[in-house]
Protein chains: 2
Amino acid sequence: MRSEDLDLLRELPLFQGISDAGFRELTQAAFLQRFPAQVTLINEGEHADFLHVVLEGLVEMFARDRQRESVLTIVQPVSTFILAAVITDEIYLKSARTLVASRILMLPAASVRKVFAEEPSFARAIVAELGFRYREVVRELKNQKLRTGAERLAAWLLGQSHAAGGARELTLPFEKRVLASLLGMTPENLSRAFATLAAYGVTSSGKRVRLDDPDALANLSRPSHFIDEWKNGD
Amino acid sequence: MRSEDLDLLRELPLFQGISDAGFRELTQAAFLQRFPAQVTLINEGEHADFLHVVLEGLVEMFARDRQRESVLTIVQPVSTFILAAVITDEIYLKSARTLVASRILMLPAASVRKVFAEEPSFARAIVAELGFRYREVVRELKNQKLRTGAERLAAWLLGQSHAAGGARELTLPFEKRVLASLLGMTPENLSRAFATLAAYGVTSSGKRVRLDDPDALANLSRPSHFIDEWKNGD
DNA sequence: CTTCTGATTTGATAATTATCAATTTTGAGA
DNA sequence: TCTCAAAATTGATAATTATCAAATCAGAAG
């Protein structure tokens, strides 16, 4: 494992407060793997044996129930995923699959729980992380229950634009069918939602999307501090 | 504050590991209030100043976006709510309102954060609680994204039945319009969902519901360990 | 550059869910 | 027990979303 990767890890808020000994404990039995796109890393229902960290690439977390499948979140570098399952020593509630070629660091769950039990600062960092993640899911649940498909798309586009420093031209980081599932709709529906948003200045060709009238979009979806995380700090 | 109430609190997993001093710190500035039904305790967007504990009664957590409103969870005694907002020192993402007359204990957020910073065992208990809650919301998000309305109702009824020791006769603990919103549908729709479930042995009159054919119901909604918390431990 | 598979779009239709309106029912309080 | 406002149901219709099928498009492999 390269020391730059360790540095990346060390810089995450989650790992900043740990002692060097604790950090070594966590990382000594860790291993790094490269995966091509479309590789399943985790199957929901399996016992949580590793805390995963995306160092590079893109991972989708999804769930299935009978025929249906839905993308729940997209994990970008550098961040961990399935911390809650690891720390509660439970099964995974989501499956994970690489969207593009990715470098994934895997920390043994037992080590994570050991350091968690021994180092109060790690426990506190985990609280901060879990608290934040909890709130993320609550926001997403509200997004799903309170907005229509087109509104969710509008809000998502505005969020992407915000993340890109207010850019009016975006490039979708993944396929539209993934976005559709993330937003809780079918690909056909997403296509029509884009058509609907044309009236609000949204034009798209392939993965390139232009937002010519962000105000109109905002008026449609009313981004809210209470739903859209990116609205904070404005 | 009655000492029995303190005992109730002390018995919650969240507070069990704390030192007596820490527990005193938490509870000295706490206060207990009785509220009639339909009183708003929290408005989303407000800063989280108290950790609330339902000692008696029933509280609904809900959120609004423009015209729409949706019930996100129902909090039963004895449990805390909005721990995540308190611990991250943030605004509430949900509003809270009593469904019936309730006794609510309010612990100052500052005390909670102080004891959290000082007592590793409390930090660890909070991790356990947040981890569990996080997983609850993930389950709910999956419930929403992967199931139809009628399926959600079926799964909910089976969950209630399970909680009542497998009883085939249930009494709804709150109004149907609340249940409708919790399940992510309109009251009209819930009414029709009940009609749909008649074919699966569900009969209801008022708040009384009978499940004559739980197997058929289960076949419809396929309760899953990965969505329905109550399926665990079977 | 071409080929070809899979993604996306479009069209037609069905299923699901929401809305609006009108009854009917229920349950709390007089 | 009676009254009455709110809750629940029912009916009619609209909006939203899903499904199926076909056509088009795009991007990776050769």
Side-chain angles (χ1 to χ4, degrees), chain A residues 36-38 60 65-71 97-101 143-155 170-199 202-209 220-221, chain B residues 36-38 60 65-71 97-101 143-157 170-199 202-209 220-221:
Chain A
Q38 300 302 327
E60 64 172 335
D65 190 59
R66 299 204 255 170
Q67 302 301 332
R68 300 163 215 158
E69 182 177 306
S70 184
V71 175
R97 162 204 305 147
T98 55
L99 274 176
V100 300
N143 192 35
Q144 283 293 325
K145 291 185 80 174
L146 295 169
R147 285 175 171 160
T148 66
E151 287 170 359
R152 292 196 295 275
L153 173 58
L170 306 171
T171 302
L172 303 183
F174 36 76
E175 290 170 340
K176 282 186 179 170
R177 62 190 186 80
V178 174
L179 177 59
S181 182
L182 178 66
L183 295 177
M185 50 180 126
T186 58
E188 294 94 329
N189 227 330
L190 176 65
S191 195
R192 285 168 183 129
F194 266 109
T196 300
L197 295 194
V202 177
T203 48
S204 68
S205 88
K207 287 211 161 79
R208 195 140 280 136
V209 181
L220 175 67
S221 74
Chain B
Q38 300 302 327
E60 64 172 335
D65 190 58
R66 299 205 254 171
Q67 302 301 332
R68 299 163 214 159
E69 182 177 305
S70 184
V71 175
R97 160 205 305 148
T98 55
L99 274 176
V100 299
N143 193 35
Q144 283 294 325
K145 291 186 79 175
L146 293 169
R147 286 176 172 161
T148 66
E151 287 170 358
R152 291 196 296 274
L153 173 58
W156 186 87
L157 287 172
L170 306 171
T171 302
L172 303 183
F174 36 76
E175 291 171 341
K176 282 186 178 169
R177 61 190 186 82
V178 174
L179 177 59
S181 182
L182 178 66
L183 295 177
M185 48 180 128
T186 58
E188 294 95 328
N189 227 331
L190 176 65
S191 196
R192 287 168 182 129
F194 266 109
T196 300
L197 295 194
V202 176
T203 47
S204 67
S205 89
K207 287 210 160 81
R208 194 140 281 136
V209 181
L220 174 69
S221 74

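So that the names make sense, note that chain A is the first sequence line, chain B the second, and so on, each numbered from 1.
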side-chain contact (heavy atoms from CB on, under 4.5 Å), that's the test. Do A/Arg152 and A/Gln144 meet it? Break it down for me. CA-CA 8 Å; A/Arg152 292 196 295 275; A/Gln144 283 293 325; 3.7 Å; yes

What do the steps show when you test B/Asn143 against B/Trp156 for side-chain contact (heavy atoms from CB on, under 4.5 Å), and what is the final call? CA-CA 10 Å; B/Asn143 193 35; B/Trp156 186 87; over 6 Å; no

List in numerical order all residues of residues 145-152 of chain A for which some heavy atom is under 4.0 Å away from an atom belonging to DNA chain D. A/Thr148, A/Gly149

Where does the chain B footprint on DNA chain D start and end, counting 5' to 3' with a 4.0 Å heavy-atom cut-off? D/dA7 to D/dA12

How bent is the helix from C/dC1-D/dG30 to C/dA30-D/dT1, measuring the angle between the end axes built from five pairs each, rounded to 10°? 50°

Can you give each donor-acceptor pair under 3.5 Å made by side-chain atoms of residues 172-191 of chain B, sequence neighbours left out, with the distance rounded to 0.1 Å?
from: B/Glu175; atom 1: OE1; to: B/Arg177; atom 2: NE; distance (Å): 2.8
from: B/Glu175; atom 1: OE1; to: B/Arg177; atom 2: NH2; distance (Å): 3.0
from: B/Lys176; atom 1: NZ; to: B/Gly206; atom 2: O; distance (Å): 3.4
from: B/Ser181; atom 1: OG; to: B/Val71; atom 2: N; distance (Å): 2.7
from: B/Thr186; atom 1: OG1; to: B/Asn189; atom 2: N; distance (Å): 3.1

Would you confirm whether B/Thr171, through its side chain, and B/Lys207, through its main-chain N or O, come within 3.5 Å as a donor-acceptor pair? no

Sugar-phosphate atoms are those with a prime plus P, OP1 and OP2; base atoms are the rest. Using that split, label each nucleotide of nucleotides 3-9 of chain C B, S or - for protein heavy atoms under 4.0 Å, 5' to 3'. ----SSS

Residue set satisfying side-chain contact (heavy atoms from CB on, under 4.5 Å) with A/Ala155, at least two apart, ordered chain then number -> A/Arg147, A/Ser221, A/Asp228

4.5 Å side-chain heavy-atom contact, A/Thr196 and A/Leu153: no

5'-most by nearest nucleotide on DNA chain D - A/Met185 or B/Ala195: B/Ala195

Hey, which sits more toward the 5' end of DNA chain D by its nearest nucleotide, A/Asn189 or A/Ser205? A/Asn189

Taking every heavy atom of B/Leu99 against every heavy atom of B/Ala37, the minimum-distance pair comes out as O-CB, 3.5 Å

Above 12 or not: heavy atoms from other molecules or residues under 6.0 Å from CZ of A/Arg208? no

In this structure, CZ of B/Arg68 is separated from CD of A/Glu151 (nearest 0.5 Å) by 4.0 Å

